[in-house]
Amino acid sequence: MRWIKASVALVAVLAVLAAAGFWVLTHTRNGQDWLLARTIPLLFANQPVLSFDGLRVFVCGSASPLVAPGHAQSCVAVLAGRDLYVVDAGAGASRTFQFAGESLAPLRAILLTHFHSDHVTGIPDMNLASWVGGRAQPLTVMGPTGVEQVVAGFNEALGQDYGYRAAHHGVEFLPPGFASMVAQPVDLGVVIEQAGLVVTAFLADHSPVAPAFGYRFDFRGRSVVVSGDTIVTDVVRRAAQDADLLLHDALSLPIVQALETALTSAGRSRPAKIMADIPSYHAHAAELGALAESAGVRQLALYHLVPVPRNYLMRQVFLRDLPADTVLAADGMVFELPADSTAIVIHEP
Ligand SMILES: [Zn+2]
Ligand SMILES: [Zn+2]
């Protein structure tokens, strides 16, 4: 009996001491500063990956225009050797890099699949973040004809910001010549051939948006295909032939139809019409297993999720009818494809 009382008293004393310690650390200036100095360094515990012997894919945005709190819109980054390429830059994409501690310094170009807002509105932030991060040349933005208009518009809108930043931080730290982006329209076929990397543009079917591209990356015996926004087509199938990794645009028809029904019942006719319109120009998730299998794709991952599942049930519905190893891409997810190997290492965010 006595030892029980003593134990209770000891626990009570320890609890009071712990509460007092917590209060001192969070409510006093000295306590806050002590704790801050020991926790802030944890943000920088991992060194950014600046090169990779093979292809390293970082999902910088897995969402579509449908509301998805905490998710950036369409963005896939591919590091090949020392060169980083980003396919599309939707809203929030550069913040995904910053949250994950990824570097944009090796960024060589942004490759646009098409000019829908959920693929381009993150471009100014990515330009700024890579300029501040130490990019050593102007940022090239490649894409179908029309990319000139997108880039000229952003340069025009951000011209004053470029000046403020250089004036504040100094022209040696932020060379003004690297601020304005350069547009480079490209045709179908090989668009980049550099240091062993070959990037090929292929035609996507995102009608009435035309032209719309997807891109295939081949480097040191490994391959990654990013579909862009498209329905399933034989062109995409051929482009993805024997690819190690296919990241494909994906819409869950059962979820979108349930949203349309619910919105109609709630009297919200305008968003209901949007739900009725979008299934015609995105690939339906249920079709993608057969596509990946017939193309001989090693790993299928769904991105540009329409919509991003908000709970366990929606994830289950999104992935039903698909092979068990299909991955739902998430912001911050990494796929590593080491050179001259068949390994695919997936790091969850
Ligand atoms: Zn889109
Ligand atoms: Zn689109």
Side-chain angles (χ1 to χ4, degrees), residues 57-78 85-96 110-126 141-147 149-151 153-154 185-186 188 201-215 225-233 235-236 239-240 246-253 255-256 259-260 271 273-285 287-288 291 300-310 318 328-331 333:
V57 175
F58 173 71
V59 179
C60 32
S62 57
S64 58
L66 298 191
V67 63
H71 296 264
Q73 293 177 343
S74 195
C75 181
V76 175
V78 181
Y85 297 91
V86 169
V87 179
D88 292 329
S94 77
R95 277 186 290 171
T96 311
I110 297 176
L111 291 84
L112 298 181
T113 59
H114 63 298
F115 313 126
H116 262 152
S117 61
D118 55 311
H119 298 253
V120 305
T121 52
I123 290 175
D125 288 343
M126 197 159 290
V141 182
M142 307 168 85
T145 299
V147 68
Q149 184 180 339
V150 173
V151 169
F154 282 132
V186 292
L188 295 170
F202 58 90
L203 199 60
D205 186 343
H206 193 38
S207 178
V209 181
F213 288 179
Y215 295 100
V225 174
V226 183
S227 72
D229 288 9
T230 184
I231 58 174
V232 171
T233 71
V235 176
V236 177
L246 169 62
L247 280 143
H248 206 293
D249 167 35
L251 175 145
S252 172
L253 192 59
I255 297 175
V256 170
L259 288 168
E260 183 196 347
K273 171 172 167 48
I274 300 291
M275 294 303 141
D277 288 347
I278 54 180
S280 67
Y281 73 172
H282 292 292
H284 299 177
E287 304 169 311
L288 293 171
L291 169 72
L300 170 65
L302 313 187
Y303 88 115
H304 193 282
L305 304 174
V306 189
V308 172
R310 288 202 176 189
F318 217 115
L328 270 188
D331 292 22
M333 187 175 274

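Just so we're clear, the structure is a prediction, and the values are computed from it rather than from any experiment. Whatever order the structure lists them in is the order used to number ligands and atoms, beginning at 1.
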### Query
So, is Asp229 placed with an N/O/S atom under 2.8 Å from the Zn ion (ligand 2), counting both backbone and side chain?
yes
### Query
Of the backbone and side-chain N, O or S atoms of His206, does one lie nearer to the Zn ion (ligand 2) than 2.8 Å?
yes
### Summary
Rounding to 0.5 Å, atoms OG (Ser227) and CG (Leu247) come to a distance of 8.0 Å
### Task
Provide the atom name of the closest N, O or S atom of His116 relative to the Zn ion (ligand 2).
ND1
#### Entry: For the Zn ion (ligand 2), the closest N/O/S atom belonging to His114
NE2
### Task
Grab the two heavy atoms, one from Ala91 and one from Thr121, that are nearest each other, plus how far apart they are.
N-OG1, 3.5 Å
### Query
Are any N, O or S atoms from Asp118 nearer to the Zn ion (ligand 1) than 2.8 Å?
yes
### Task
Round to 10° and report the angle made at the Zn ion (ligand 1) by NE2 of His304 and NE2 of His119.
100°
#### Entry: Test side-chain contact (heavy atoms from CB on, under 4.5 Å) applied to His284 and Ile231, Val306, Leu253, the passing residue
Leu253
### Side-chain touch Phe154/Val141, heavy atoms, less than 4.5 angstrom
no
### Query
What orientation do His116 and Tyr281 show, parallel under 30°, tilted 30 to 60°, or perpendicular over 60°?
perpendicular
